[in-house]
*Asks:* 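Shown below is the structure under consideration.
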Amino acid sequence: MKIATYNVNGINGRLPVLLRWLQETQPDVACLQELKAPDEKSPLQAINDAGYNAIWHGQKSWNGVAILSRNLPLTETRRGLPGDPDDTHSRYIEAEVNGITIGCLYLPNGNPAPGPKFDYKLQWFKRFTQHAAALYTSGKPVVLTGDYNVIPTGLDAYKPERWVEDALFRPETREAFENLLAQGWTDALRKIYPDEVVYTFWDYFRDAYGRNAGLRIDHFLLNPQLNDRLLTAGVDRNVRGWEKTSDHGPVWIQLAD
DNA sequence: ATGACAGAGTAACTCTGA
């Protein structure tokens with residue numbers, strides 16, 4: 001079973017690229033972030049025509065997450081992160097597919113830091129960590145995937161010294177990610193590629209993709225029940241080179257059935 | 001140190017992103 005995550009940066013503007021990628025790589029499940037569209041403007045028909053079921057948690061202009069599945073029943077288990085009824089951002093959706101609990105997240109960027117946006121990032125992270133703890137001990141295989149907006153270590157940025165003041169790499173952010181991992185989650189890409197440079201994002205500016213000036217900020221966290229089934233993982237980095245593409249590349253894991 | 005690029009909303013430009 002292949003599960004992918006892809007920050008599409010606009011589901012409607014990205015539709016041709018998204019459909020081509022689905023057609024070429026055929027993931028069983030695809031978690032999408034940054035839809036930038038309300039549910040009523042989501043291209044559900046085109047997704048269905050491509051062979052995928054989908055659940056959406058969209059929002060006008062910003063944020064927005066979705067989970068797609070191909071030839072597999074998709075049961076929504078949660079829409080929105082618990083813990084703050086006043087949080088209006090659409091950043092979390094969760095489903096069960098094939099007995100696996102799949103959380104799809106778009107963690108806040110948090111820049112500029114320090115400031116209210118960074119405070120919101122850390123607050124959201126805290127709520128997410130609490131929810132992750134509950135899922136971890138659910139007894140089911142669980143994957144938490146999406147755009148974490150976290151550069152975990154210096155290996156995960158092309159010039160880490162330039163990111164030390166940035167919300168993606170500040171000590172508070174890295175510590176929050178480490179605290180989450182300390183529950184027992186496995187960073188799947190880092191497990192498969194322990195010492196290699198693996199990027200998932202390349203800035204639109206200054207030919208960052210051509211220079212491979214990237215970041216690793218899209219992640220798969222697996223609990224032990226799923227970690228035992230991890231076969232391989234990768235980044236479809238060629239997609240980042242297509243016309244009218246996202247600044248993120250799709251990332252995927254392959255699991256034993 | 002700065003700004004470059006892109007999507008969405010709305011209709012010239014702002015806001016956001018990482």
Side-chain angles (χ1 to χ4, degrees), chain A residues 5-21 32-43 46 56-66 87-92 104-122 124-125 128 145-174 176-177 189 197-219 235 237 239-251:
Chain A
T5 185
Y6 188 20
N7 179 323
V8 293
N9 189 15
I11 183 80
N12 286 303
R14 202 67 60 222
L15 193 57
V17 165
L18 174 63
L19 294 176
R20 178 182 169 192
W21 168 70
L32 307 180
Q33 302 88 34
E34 276 208 88
L35 306 178
K36 294 185 172 181
D39 289 0
E40 63 270 21
K41 289 194 176 175
S42 290
W56 306 83
H57 188 207
Q59 174 181 343
K60 188 178 177 181
S61 301
W62 298 303
N63 310 314
V65 286
D87 185 2
T88 57
H89 294 203
S90 297
R91 295 182 176 275
Y92 187 77
C104 171
L105 66 136
Y106 175 47
L107 205 137
N109 174 306
N111 278 306
K117 290 190 174 182
F118 191 57
D119 295 341
Y120 174 66
K121 176 176 193 158
L122 296 180
W124 202 95
F125 216 142
F128 178 65
T145 187
D147 180 356
Y148 280 71
N149 273 314
V150 175
I151 301 167
T153 74
L155 184 60
D156 301 310
Y158 65 100
K159 278 191 179 177
E161 66 275 16
R162 288 194 179 176
W163 294 90
V164 290
E165 298 295 323
D166 191 278
L168 280 63
F169 194 51
R170 289 177 72 89
E172 303 95 317
T173 304
R174 280 181 276 166
F177 191 70
L189 268 286
V197 169
V198 179
Y199 295 144
T200 67
F201 166 89
W202 297 264
D203 209 309
Y204 286 123
F205 305 153
R206 300 178 230 99
D207 191 30
Y209 177 64
R211 297 183 295 115
N212 196 29
L215 304 173
R216 189 173 74 96
I217 55 177
D218 302 271
H219 305 299
V235 180
R237 69 192 313 288
V239 175
R240 179 62 182 80
W242 292 354
E243 290 293 314
K244 299 289 288 181
T245 199
S246 171
D247 41 6
H248 294 250
V251 190

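Convention: sequence-line order gives letters A, B, ...; per-chain numbering from 1.
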*Asks:* If the cut-off is 4.0 Å, is A:Tyr158 near the phosphate of B:dA18, judged by side-chain N/O to OP1 or OP2?
*Replies:* no
*Asks:* Provide the distance between the two C1' atoms, one in B:dG17 and one in B:dA4, to the nearest whole Å.
*Replies:* 14 Å
*Asks:* Specify the separation, in whole Å, of atom OH of A:Tyr199 and atom C1' of B:dA18.
*Replies:* 14 Å
*Asks:* Side-chain N or O of A:His248 less than 4.0 angstrom from OP1 or OP2 on B:dG17?
*Replies:* no
*Asks:* NA contact type, A:Asp207, heavy-atom cut-off 4.0 Å: base, sugar-phosphate, or nothing?
*Replies:* nothing
*Asks:* Please give the distance between the P atoms of B:dA1 and B:dC15 as a whole number of Å.
*Replies:* 26 Å
*Asks:* On the 0 to 90° scale, with breaks at 30° and 60°, tag the A:Phe177-A:Phe125 ring pair as parallel, tilted or perpendicular.
*Replies:* perpendicular
*Asks:* Measure CD1/A:Ile151 against C1'/B:dG17 and give the value in whole Å, please.
*Replies:* 14 Å
*Asks:* Using OP1 and OP2 only, check whether a side-chain N or O of A:Arg206 sits under 4.0 Å from B:dG3.
*Replies:* no
*Asks:* Side chain of A:Lys117, heavy atoms from C-beta onward: which of B:dA18, B:dT16, B:dC5 has the nearest atom to it?
*Replies:* B:dT16
*Asks:* Atom CG in A:Leu122, atom CD in A:Glu172: separation rounded to 0.5 Å?
*Replies:* 6.5 Å
*Asks:* Does any non-hydrogen side-chain atom of A:Val239 lie less than 4.5 Å from one of A:Thr245?
*Replies:* yes
*Asks:* Are side-chain heavy atoms of A:Arg237 and A:Val198 found at a separation under 4.5 Å?
*Replies:* no
*Asks:* Regarding A:Asn9, tell me which of base, sugar-phosphate or nothing describes its non-hydrogen contacts under 4.0 Å with the strands shown.
*Replies:* sugar-phosphate
*Asks:* By nearest heavy atom, map A:Asn109 and A:Thr245 onto DNA chain B; which one lands nearer the 5' end?
*Replies:* A:Thr245
*Asks:* For the P atoms, the ones on B:dT2 and on B:dA6, what distance do you get once it is rounded to whole angstrom?
*Replies:* 23 Å
*Asks:* Using only side-chain N and O atoms of A:Lys36, determine if any of them is under 4.0 Å from OP1 or OP2 of B:dG9.
*Replies:* no
*Asks:* State the CD1-CZ distance between A:Ile217 and A:Phe169, to the nearest 0.5 angstrom.
*Replies:* 13.0 Å
*Asks:* How many Å lie between CG on A:Asn111 and P on B:dT2, as a whole number?
*Replies:* 15 Å
*Asks:* Using the C1' atoms only, state how far B:dG3 lies from B:dG9, rounded to an integer number of Å.
*Replies:* 24 Å
*Asks:* Using the side-chain heavy atoms of A:Pro38, tell me which of these nucleotides is nearest: B:dG3, B:dG7, B:dG9.
*Replies:* B:dG9
*Asks:* Out of B:dA8, B:dT10, B:dG17, which nucleotide sits closest to the side chain of A:Asn12?
*Replies:* B:dA8
*Asks:* For A:Asn63, report the nucleic acid contact type (base, sugar-phosphate, nothing); a contact means any heavy atom under 4.0 Å.
*Replies:* nothing
*Asks:* Residues two or more places apart in sequence or in another chain: which of them pass ring-ring contact (aromatic ring centres under 6.0 Å, His included) with A:Tyr209?
*Replies:* A:Trp202
*Asks:* Quick check: on DNA chain B, is the nucleotide nearest A:Arg14 upstream (toward 5') of the one nearest A:Asp166, or the reverse? Name the residue that is more 5'.
*Replies:* A:Arg14
*Asks:* So what does A:Tyr148 hit on the nucleic acid, given a heavy-atom distance under 4.0 Å: a base, only sugar-phosphate, or nothing?
*Replies:* nothing
*Asks:* OP1 or OP2 of B:dG7 sitting under 4.0 Å from any side-chain N/O of A:Lys60?
*Replies:* no
